[in-house]
J.: 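Below is a structure I'd like to ask you about.
Below, chains carry the letters A, B, ... as their sequence lines are ordered, and counting in each starts from 1. Given the structure is predicted, the values throughout are model-derived calculations rather than measurements.
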Amino acid sequence: MANYQVPRGTQDVYGEDIKKWHKIEQLIREITTVYGYDEIRTPEFEHTEVFARDNDSSDVVNKEMYTFSDRGDRSLTLKPEGTAGIIRAFVEHKLYALPDMPLKYYYISPAFRYERPQKGRMRIHHQFGVEVMGEKSPYIDAEVIGLGLTFVRTLGLSNLKVLINTLGDAESRANYREKMKAHFKPHIHEFCGDCQRRYEQNPLRILDCKVDQDKQAMVDAPKLYDSLNQESKDYFDSVIKILKDSGVEVEISDRLVRGFDYYTHTVFEIVSESEGMGSQSTIFGGGRYDNLVKDLGGPELSGIGFGMGIERLLVGLEAEGINLVEEDGLDVYCVSLDEMAHDYAYHLTQVLRLNGYKTDYDIYQRSFKAQFKTVDRKKAKVAILLGQDELKNNQLILKNQVTSEQITIKEDELMHQLDHWLNEDHVCDHDHGGHSHE
RNA sequence: GCGGUCGUGGCGAAGCUGGUUAACGCAUCGGGUUGUGGUUCCGACAUUCGCGGGUUCGAGCCCCGUCGAUCGCCCCA
């Protein structure tokens with residue numbers, strides 16, 4: 001039996017939902033513009049090695065990638081995240097040679113991950129993300145986090161928590177890694193299978209474990225911060241200070257490690273604390289990466305970025321009862337009373353549309369009553385009534401649906417009257433519909 | 001990848017221990033004497049219960065499989 005459902009973990013977006021997406025995308029463009037970020041678009045798939053680098057042991061890379069063969073022996077992978085492809089482009093086009101560092105990019109892109117779907121977790125989801133590459137400064141870290149926060153707050157989210165941590169530089173991490181291995185060595189057999197695997201591959205991630213959270217060895221585990229060298233500590237302290245000085249309340253979370261192995265120094269996660277997020281509460285998260293550019297064949301340049309799941313953002317907005325889209329009704333609806341008037345209604349509708357009025361008419365030539373119901377349902381502000389008598393005398397009946405005022409006018413007065421009703425009343429309203437009739 | 005719940009018209013949702021007309025609400029459409037709606041009244045609207053197979057004289061209700069959703073784990077946006 002053919003399966004004509006959307007594939008698992010994917011969805012169609014239409015109706016009210018697509019309007020929310022438009023709103024979000026519009027705000028992304030506005031805010032990134034103000035912050036000076038340019039858009040970058042990279043392919044939906046890359047050579048597999050762009051994502052699967054030897055030193056990355058994350059689950060996303062290890063078991064969730066959509067990898068396929070490109071007819072020959074080339075292995076390609078649908079992008080599971082946004083950063084790697086952008087770094088690849090950064091290196092490939094030698095963008096680091098451009099005059100004004102750092103380079104600031106944003107993207108809106110699908111991401112593909114083979115996972116078990118859940119609320120706020122799809123097999124195709126979309127990320128809004130930014131990357132700032134080529135310079136390393138605590139001000140940049142603060143700016144990136146601030147940009148993301150400004151964005152979600154502008155949309156209306158307020159029930160948020162900003163978690164932040166540092167992984168330090170390579171030296172500090174190596175140092176910590178040894179301490180962790182030494183600490184867990186006598187106890188590791190008591191831990192879950194995942195932890196035992198992490199112990200070998202990336203001991204830092206043991207801290208992420210939810211199962212063994214309460215074990216004594218976990219509680220006593222060495223703190224990452226204590227293994228940091230002075231430079232790493234200073235860097236982190238600066239980031240925190242700049243954030244606090246700019247009014248961002250952060251919660252330092254020394255258990256925050258994050259899934260991708262390429263992070264160094266600052267890592268952060270902005271979570272929604274609203275009920276109804278399911279078990280996926282991170283709205284956006286990211287961190288700094290000192291080695292990724294080099295790993296992808298470029299020079300030793302640092303970068304930082306975040307990824308924000310738009311589907312998950314939508315869940316968060318829903319959870320806080322935020323309505324992004326207000327219904328905007330028609331400006332005008334043409335009601336016609338017989339066949340001749342109907343023909344006239346069609347032409348009048350076109351004229352009004354060309355003049356920038358959102359106009360519709362009844363294509364079915366239904367009854368007067370039915371047409372008026374549509375006037376209501378479509379929230380038309382003005383109804384134009386067309387009948388034999390009016391046609392004969394070159395007149396139109398205009399009914400203002402807001403005030404219920406009804407007047408009969410000459411045909412050539414129409415534009416003036418509509419302008420009066422629909423525009424002049426709102427001269428103080430900066431957010432008017434944007435009619436383009438001069 | 002593991003465990004739980006669920007899947008009935010555009011939407012929400014009944015359906016008793018399997019029995020034959022698949023409630024009800026919202027929305028939609030038509031009408032209440034031919035040119036004024038949002039109220040109200042009347043009427044219409046699922047050859048069919050995610051899909052496939054099985055048990056049975058008979059299944060939306062039972063069994064198996066499958067697809068999907070959802071919750072928790074894992075992981076992440």
J.: So for Glu115(A) and A77(B), does any side-chain atom that can act as donor or acceptor lie under 3.5 Å from a complementary atom in the base?
T.: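 Indeed there is one.
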J.: Let me know, please, whether Arg121(A) or Phe372(A) comes out on the 5' side of the other along RNA chain B by nearest nucleotide.
T.: Phe372(A)
J.: Need one value for Gln388(A): base, sugar-phosphate or nothing, where a base atom within 4.0 Å counts as base even if backbone is also close, heavy atoms only.
T.: base
J.: Does OP1 or OP2 of G31(B) have a side-chain N or O of Ser367(A) closer than 4.0 Å?
T.: yes
J.: For the backbone of Tyr357(A) and the side chain of Asp331(A), can you confirm whether one donor and one acceptor N or O come within less than 3.5 Å of each other?
T.: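 Absent.
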J.: How close or far is atom P of A77(B) from atom CG of Leu163(A), stated in whole angstroms?
T.: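 Between P of A77(B) and CG of Leu163(A): 14 Å.
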J.: Any base atoms under 4.0 Å from Leu313(A), or only sugar-phosphate, or nothing? Heavy atoms, all strands.
T.: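 Result for Leu313(A) = nothing.
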J.: With a 3.5 Å cut-off and just heavy-atom distances, do the side chain of Lys369(A) and the base of G32(B) make a donor-acceptor pair?
T.: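 In this structure, the two groups form a donor-acceptor pair.
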J.: Tell me what Asp389(A) touches on the nucleic acid: a base, only sugar-phosphate, or nothing, going by heavy atoms under 4.0 Å.
T.: base
J.: To the nearest Å, give me how far apart NZ (Lys399(A)) and P (G38(B)) are.
T.: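 Taking NZ of Lys399(A) and P of G38(B), I get 11 Å after rounding.
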J.: Has the side chain of Arg116(A) got a donor or acceptor atom sitting under 3.5 Å from an opposite partner on the base of G72(B)?
T.: no
J.: Searching all strands shown, indicate the nucleotide that pairs with U66(B) (Watson-Crick or G-U wobble; both distances under 3.5 Å).
T.: G50(B)
J.: Tabulate atom names and distances for all N/O pairs under 3.5 angstrom spanning the protein and nucleotides 66-68 of chain B.
T.:
{"unit_1": "C67(B)", "atom_1": "O2'", "unit_2": "Asn3(A)", "atom_2": "ND2", "d": "3.1"}
{"unit_1": "C67(B)", "atom_1": "O2'", "unit_2": "Gln5(A)", "atom_2": "OE1", "d": "2.5"}
{"unit_1": "G68(B)", "atom_1": "OP1", "unit_2": "Arg8(A)", "atom_2": "N", "d": "3.3"}

J.: Which part of the nucleic acid, if any, lies within contact of Glu81(A), taking any heavy atom under 4.0 Å across all strands shown: a base, the sugar-phosphate backbone alone, or nothing?
T.: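 If one applies the 4.0 Å heavy-atom cut-off, Glu81(A) turns out to touch nothing in the nucleic acid.
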J.: For the pair made of NZ in Lys63(A) and P in C2(B), what is the distance, rounded to whole Å?
T.: 12 Å
J.: Report yes if at least one side-chain N or O of Gln406(A) is closer than 4.0 Å to OP1 or OP2 of U36(B); otherwise report no.
T.: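 Negative; the distance criterion is not met.
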J.: Between Met277(A) and Leu337(A), which is nearer to the 5' end of RNA chain B once each is assigned its nearest nucleotide?
T.: Leu337(A)
J.: In whole angstrom, give the distance that lies between atom CG of Leu317(A) and atom P of A77(B).
T.: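 These atoms are roughly 19 Å apart.
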J.: Partner lookup for U33(B), please. Criteria are Watson-Crick or G-U wobble with both distances under 3.5 angstrom; report none if nothing qualifies.
T.: none
J.: Just call it for Ala370(A): base, sugar-phosphate, or nothing, with non-hydrogen atoms closer than 4.0 Å on any strand.
T.: sugar-phosphate
J.: Is any side-chain N of the basic residue among Lys104(A) and Glu143(A) closer than 4.0 Å to the acidic one's carboxylate O?
T.: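 Between Glu143(A) and Lys104(A) there is a salt bridge, with a charged N closer than 4.0 Å to a carboxylate O.
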J.: Assess whether one donor atom and one acceptor atom, taken from the side chain of Gln371(A) and the base of G35(B), lie less than 3.5 Å apart.
T.: no
J.: Consider the side chain of Arg366(A), meaning its heavy atoms from C-beta on, and name the nucleotide among G30(B), U36(B), C71(B) that approaches it most closely.
T.: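 Closest nucleotide among those given: G30(B).
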J.: Please work out if Glu269(A) contacts a base, only the sugar-phosphate, or nothing of the nucleic acid, heavy-atom cut-off 4.0 Å.
T.: nothing
J.: Counting only Watson-Crick or G-U wobble pairs whose two distances fall under 3.5 Å, which nucleotide matches A59(B)?
T.: none
J.: Applying the Watson-Crick and G-U wobble criteria at under 3.5 Å, what pairs with C73(B)? Answer none if nothing qualifies.
T.: G1(B)
J.: Does C26(B) pair with anything, Watson-Crick or G-U wobble, both distances under 3.5 Å, and if so, with which nucleotide?
T.: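 Partner of C26(B): G10(B).
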J.: Which part of the nucleic acid, if any, lies within contact of Ile283(A), taking any heavy atom under 4.0 Å across all strands shown: a base, the sugar-phosphate backbone alone, or nothing?
T.: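 Sugar-phosphate contact only - Ile283(A) comes under 4.0 Å of backbone atoms but never of a base.
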J.: If you only use heavy atoms from C-beta on, which nucleotide in C74(B), G35(B), A77(B) is closest to the side chain of Gln280(A)?
T.: C74(B)
J.: Nearest-Å distance, CD (Glu275(A)) to C1' (C71(B))?
T.: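 In whole Å, C71(B) C1' lies 14 Å from Glu275(A) CD.
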J.: Can any side-chain N or O of Tyr176(A) pair as donor or acceptor with the backbone N or O of Leu167(A) at less than 3.5 Å?
T.: no
